[in-house]
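Chain letters run A, B, ... following the sequence lines, proteins first and then strands; every chain starts at 1.
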Amino acid sequence: MFIIPKEKEVPLGCITPAPVTEQTMMITGNWREYRPVIDQEKCNLCMNCIVYCPDACWQLNEAEDEVVWNAKYCKGCLICVNECTTEALSKAYELDFEDGVVRLEKPF
Amino acid sequence: MASKVKQITVWARGVVQDKEGRDIANGLANAAKKEGKFTQAFDNYVDLPDRVNVPLRKYARISDEEIEERYEYENEKPEVVIVADATLVKGINVLRGMEKGGVLVVNTDRKPEDILKFIPNRDLLKAIVCVDAKGICGEATVDFSGSEGGVDAVGLGAGMAAPILGALVRGTNLVKLENLAAVVKNKEALYKGHEQAVVKTL
């Protein structure tokens, strides 16, 4: 039987520590035609948007007790608008907003 | 030699506007060919065009003499840039590589001023042309039969590409409208786009 010495034990592959919270190699904010807009008064913090967003673009701000949207990586798939239980989220055309500009030089 | 080649870049959205972007580049090249010019039209595969909504490029080149730069697959200095979806101006530097005096054609129902505020390098432009192609002929046609050299089953310019090509004639003198009408399938939309286009010279 092959025994790995204790001092040479390697960590599990699935829990590789990564000191980054975003992947700057692939910024997907410019895929968006329509964006989700949140009405904070209607939101009851059911967390459906956080669970269903494929790119983790909805985050819970625990200090303010509200969900926050990430304009840099949101692809505009609008899954969150479909999954919202209280109709706090609605879609809006991107050119109506000044912010959310991700002006890249090349698509990738 | 290279300076005589007129480079045209088309920006479109992946999959949903793949056919429209291809039709604009091919229609332009085919119409210029009828005037006796030397032309090329091709896709850019670097942009991962098989993902929905990614920004992607289609290229066309028009020249009075034979085009020798056959093995360059990107238009480094586009003279005319066509944006098939207006929201792309927020996500991409669409005028990249353009020299002063270029023309921008945008498919949008907004005014030219609303588009220009999202373009920081707007001093490069000679004119901007806005046309509401979606309002003229509805949603884009999604079809892949003509891609990568296959036979196009739907026909060139059956959808949104036709009014955009009509609007292009208003802002530039690359091709004549009657030559485009001989190439494009939806001729009514072509003429409508030519009439309804809003041109703003800067």
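With a 4.5 Å cut-off on side-chain heavy atoms, B:Lys90 and A:Leu95 count as touching. Side-chain contact check for A:Tyr34 versus B:Thr87: every heavy-atom pair is 4.5 Å or farther apart. At a threshold of 4.5 Å between non-hydrogen side-chain atoms, the residues A:Glu94 and B:Asp85 do not count as touching.
Across all their heavy atoms, A:Phe97 and B:Phe118 have their closest contact at O-CZ, 3.4 Å.
Other residues, nucleotides and ligands contribute more than 12 heavy atoms inside 6.0 Å of the CD atom of A:Glu105. The neighbour count for B:Lys176 NZ, taken as heavy atoms of other residues, nucleotides or ligands under 6.0 Å away, does not exceed 12. For B:Lys77, the NZ atom is loosely surrounded, since the number of other residues' heavy atoms within 6.0 Å does not exceed 12. No more than 12 heavy atoms of other residues, nucleotides or ligands sit less than 6.0 Å from atom CG of B:Asn173. In the displayed structure, B:Lys134 atom NZ is contacted under 6.0 Å by at most 12 heavy atoms of other residues, nucleotides or ligands. Other residues, nucleotides and ligands contribute over 12 non-hydrogen atoms within 6.0 Å of the CD atom of A:Gln40. Enclosure of atom CD in B:Glu113 by more than 12 non-hydrogen atoms of other residues, nucleotides or ligands within 6.0 angstrom is indicated.
Taking CD1 of B:Ile92 as the start and CG of A:Asn30 as the end, the distance is 5.0 Å to the nearest 0.5 Å.
Heavy-atom distances place no part of B:Leu95 under 4.5 Å from chain A, backbone and side chain included. Contacts of B:Val52 with chain A are made by backbone atoms alone, with heavy-atom separations under 4.5 Å and no side-chain atom involved. Within the 4.5 angstrom heavy-atom criterion, only backbone atoms of A:Asp99 (N, CA, C, O) approach chain B.
Checked by atom type and distance alone, the side chain of B:Asn93 never pairs as donor or acceptor with a backbone atom of A:Arg103 at under 3.5 Å.
Contact count against chain B (heavy-atom pairs under 4.5 Å) is highest for A:Glu33 among A:Glu98, A:Lys75, A:Glu33.
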